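As a basis for the values below, the full set of heavy atoms in this structure was taken, side chains included, without hydrogen atoms, waters or symmetry mates. Letters go in sequence order (proteins before strands), and every chain restarts at 1. Quantities reported herein were computed from a predicted structural model and do not represent experimental measurements.
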Amino acid sequence: MTVRVRIAPSPTGLLHVGNVRSALFNWLFARHHNGTFVLRIDDTDVERSEQQYEDDIKSGMTWLGLDWDEGVDVGGPHGSYRQSDRFDRYRDVVDELIGAGHAYYDDRSPELLDELRNKAQKEGKHPNVYIRRPDTEATSGVVRFSVPQDAPIEFFDLVRDEMRFEAGVVDDFVILRSNGTPTYHLASTVDDVDYEISHVIRGEDLLSSTPKHILLTRAMGADPATYAHLPLLFGPDGKKLSKRHGDTSLKAYRAGGYLPEAMFNYLSLLGWSYDSETTIFSVDQAVERFDLEGVSKNPAVFDVDKLQWMNGEYIRAIPPDDFAQRARPLIEVELGHPPTESEWSIFVEMSPLLQERVKLITEVGEMSRFLFVDDVDFDEQSWSKVMIGETPVLALSVAIRHLTELGDWTVAAIEAALRAVLEETDLNPRKGWQPLRVAVTGSQVSPPLFESMAALGRPGTLHRLSVALNRLADEPEG
RNA sequence: GGCCCCGUCGUCCAGCGGCCUAGGACGCUGGCCUUUCAAGCCGGUAACGCGGGUUCGAAUCCCGUCGGGGCUGCCA
């Protein structure tokens with residue numbers, strides 16, 4: 001079996017995770033069967049198509065690792081993979097269809113068509129039963145495909161098995177707009193035929209359009225592809241995933257600190273499973289096992305919590321050096337300039353501790369902020385919760401003394417000194433150390449204290465401890 | 001309204017007639033570990049929409065019903 005599949009997003013908006021999931025399944029199917037994965041740009045809607053969105057599509061696909069064998073930029077044996085370059089070809093097909101009696105011009109007014117639809121609806125019939133070839137021949141307007149009314153349309157869907165649409169339920173749909181541009185149905189079908197697409201794998205929202213595509217294909221004298229309709233992605237409210245559910249563009253997740261590996265893994269689990277036990281698996285493993293037989297029929301809710309958990313898993317699995325490198329841009333943003341050698345070595349020292357704690361790579365910036373400022377901004381909630389009573393002053397001053405006298409400034413030495421503070425003050429770790437944590441990192445939630453102090457260095461640490469002590473002294477009440 | 005699809009824990013997925021007193025994961029939750037937070041480890045919570053069949057036996061097959069969704073455009 002020669003597998004040729006495609007994804008044909010339209011550049012009318014940012015690449016949507018729903019489309020990405022379809023792209024992913026197509027890609028997995030192609031790779032599993034050693035087939036060809038095609039990226040086509042469906043820009044038949046000239047009004048709304050924009051170059052920036054095409055760029056977003058390509059960079060998103062590349063980021064996720066969905067490389068295409070044929071298509072825009074990489075080319076291929078079928079000429080242009082941008083539909084706006086192929087309007088002449090679509091025109092030719094339209095002319096042939098008209099010539100063969102499969103299509104006709106229709107210049108009826110929108111009002112009249114509305115009337116016909118309403119009439120059908122009132123009679124409880126298919127909404128478009130009356131939208132058929134009129135008796136009087138037109139020579140301008142839109143071109144409609146003339147749907148044969150005598151036979152049901154049947155096809156086998158790889159996900160949904162036998163599909164059957166009764167005769168008469170498909171309207172004479174528009175294939176060429178009055179401005180001469182092709183509609184989606186036409187362009188997509190012509191391309192699938194011309195590019196010899198073997199399997200059309202797409203969202204279930206196109207399931208009821210499939211009869212149109214099959215009819216068109218046959219009218220062109222070609223054999224229809226094998227179809228597979230994927231379950232839709234829902235938002236938490238059980239409706240088709242859309243902007244009102246928050247971020248739906250791949251770009252937003254990319255910018256939000258998600259790793260492509262995690263996104264890939266998570267998306268592949270929406271409607272498919274590796275086996276009954278495994279949740280985390282590699283791209284290669286997915287390719288090896290993927291098959292459309294195993295695709296679920298039910299819609300899937302896009303669960304950001306699970307994605308985030310998975311992202312954390314992937315972050316922790318990165319080799320420590322790689323993690324630091326991947327976090328480097330965030331540090332640069334945090335600093336406002338490329339890190340100096342000493343700033344970088346401070347970060348690299350702390351990096352493994354941060355790696356364990358973040359779920360999103362973007363959290364690294366905020367979490368390491370305290371390492372790079374002269375004076376920390378105290379998180380007021382932490383301050384007011386921890387710096388109460390007499391003990392913080394005691395803990396801070398005793399700690400300052402012990403740390404000042406300390407010989408080596410190492411994690412182990414710092415720990416010993418701080419344990420001595422507890423001994424001397426008779427405070428428990430919570431009482432004795434949390435004030436130090438707030439003083440040094442600005443927050444009661446932070447990376448481990450000894451390591452933070454070690455990375456910060458003695459002068460920085462002592463400075464912060466005294467700043468906090470001074471602030472306590474200035475406060476009328478503890 | 002019409003056509004089409006779908007219906008297992010809150011969510012994603014396993015289950016394709018007996019292995020199911022329904023399994024894994026996220027979430028939620030109890031505990032352990034512990035310098036906070038994470039991470040990790042151990043435990044718990046929670047589902048076959050409903051009603052009929054078929055069968056010795058149904059989450060698995062059939063019918064109905066209810067529920068959800070998609071489409072119904074000169075958008076894709």
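Atom CD of Glu293(A) and atom C1' of A14(B) are 17 Å apart (whole Å). Atom CG of Asp275(A) is separated from atom C1' of A14(B) by 9 Å (rounded to the nearest Å). As rounded to whole Å, 14 Å separates atom C1' of A76(B) from atom CG of Leu186(A). Rounded to an integer number of Å, the gap from CG of Asp107(A) to P of C74(B) is 14 Å.
Not a single donor-acceptor pair under 3.5 Å links the side chain of Trp409(A) to the backbone N or O of Ala455(A). Here the side chain of Ser49(A) pairs no donor or acceptor atom with the backbone of Val46(A) at under 3.5 angstrom.
Backbone-only engagement by Arg160(A) is indicated by non-hydrogen atom pairs under 4.0 Å involving sugar-phosphate atoms exclusively. Heavy atoms of Pro299(A) sit under 4.0 angstrom from primed sugar atoms or phosphate atoms, though from no base atom. Within 4.0 Å of Gly203(A), counting heavy atoms only, lies no atom of the nucleic acid at all. Residue contacts for Tyr274(A): at a heavy-atom cut-off of 4.0 Å it reaches no nucleic acid atom on any strand shown. Base engagement by Val142(A) is indicated by at least one non-hydrogen atom pair under 4.0 Å involving a base atom. Contact annotation for Ser273(A): backbone-only contact, meaning every heavy-atom pair under 4.0 Å involves sugar-phosphate atoms and none involves a base. Nucleic acid contact class of Phe234(A) (heavy atoms, under 4.0 Å, all strands): sugar-phosphate only. Across all strands shown, Leu269(A) has heavy atoms under 4.0 Å from sugar-phosphate atoms exclusively, and none from any base. Contact annotation for Pro231(A): no contact, since no heavy-atom pair falls under 4.0 Å across all strands. Within 4.0 Å of Glu277(A), counting heavy atoms only, lie sugar-phosphate atoms of the nucleic acid but no base atom.
Side-chain nitrogen and oxygen atoms of Trp309(A) include at least one within less than 4.0 Å of the OP1 or OP2 phosphate oxygen of C26(B). OP1 or OP2 of G69(B) sits under 4.0 Å from a side-chain N or O of Lys239(A). Taking side-chain N and O atoms only, Lys212(A) has no distance below 4.0 Å to OP1 or OP2 of C71(B). OP1 or OP2 of A76(B) has at least one side-chain nitrogen or oxygen of Thr44(A) nearer than 4.0 Å. Contact annotation: Arg437(A) does not reach the phosphate of U35(B) (side-chain N/O to OP1 or OP2, under 4.0 Å). Of the side-chain N and O atoms in Asn298(A), one or more sit less than 4.0 angstrom from OP1 or OP2 of U8(B).
The side chain of Asp305(A) has G27(B) as its nearest neighbour among G27(B), C74(B), A25(B). Side-chain proximity of Ser208(A) to the nucleotides C71(B), U36(B), C13(B) is greatest for C71(B). With U35(B), C3(B), G69(B) as the candidates, the nucleotide lying closest to the side chain of Glu451(A) is U35(B). Ranking A76(B), G1(B), G69(B) by closeness to the Gln121(A) side chain, first place goes to G1(B). You'll find that the side chain of Leu270(A) is closest to C12(B), out of A38(B), C12(B), G70(B). Between C74(B), U36(B), G69(B), one nucleotide has an atom nearer to the side chain of Arg117(A) than all others, and that is C74(B). If you check A14(B), G1(B), C4(B) against the side chain of Leu207(A), the one that comes closest is C4(B).
Pairing of U35(B), defined by two Watson-Crick or G-U wobble distances under 3.5 Å, is not identified with any nucleotide. Pairing partner, G43(B): U29(B), with both Watson-Crick or wobble hydrogen-bond distances short of 3.5 Å. With a 3.5 Å ceiling on both atom-pair distances, C20(B) lacks any Watson-Crick or G-U wobble partner. Remark: C3(B) base-pairs with G70(B); criterion is Watson-Crick or G-U wobble with both hydrogen-bond distances under 3.5 Å. With a cut-off of 3.5 Å on both pairing distances, the Watson-Crick or G-U wobble partner of G64(B) is C50(B).
Side-chain atoms of His229(A) and Arg160(A) include no donor-acceptor pair closer than 3.5 Å. Looking at Ser84(A) and Asp43(A), their side chains do bring a donor and an acceptor atom within 3.5 Å of each other.
Checked against the 6.0 Å centroid criterion, the rings of Tyr314(A) and Phe264(A) do not qualify as a close aromatic pair.
Pairing each heavy atom of Ile98(A) with each of Tyr104(A), the nearest pair is CG1-N, 4.5 Å.
Between C56(B) and G67(B), the distance separating the two C1' atoms is 34 Å to the nearest Å. For G49(B) and G68(B), the C1' atoms lie 11 Å apart once the distance is rounded to whole Å. U8(B) and A47(B): their P atoms are spaced 14 Å apart (whole Å).
With Val142(A) as the fixed residue, the side-chain contact (heavy atoms from CB on, under 4.5 Å) test singles out one of Leu113(A), Asp106(A), Leu176(A): Asp106(A).
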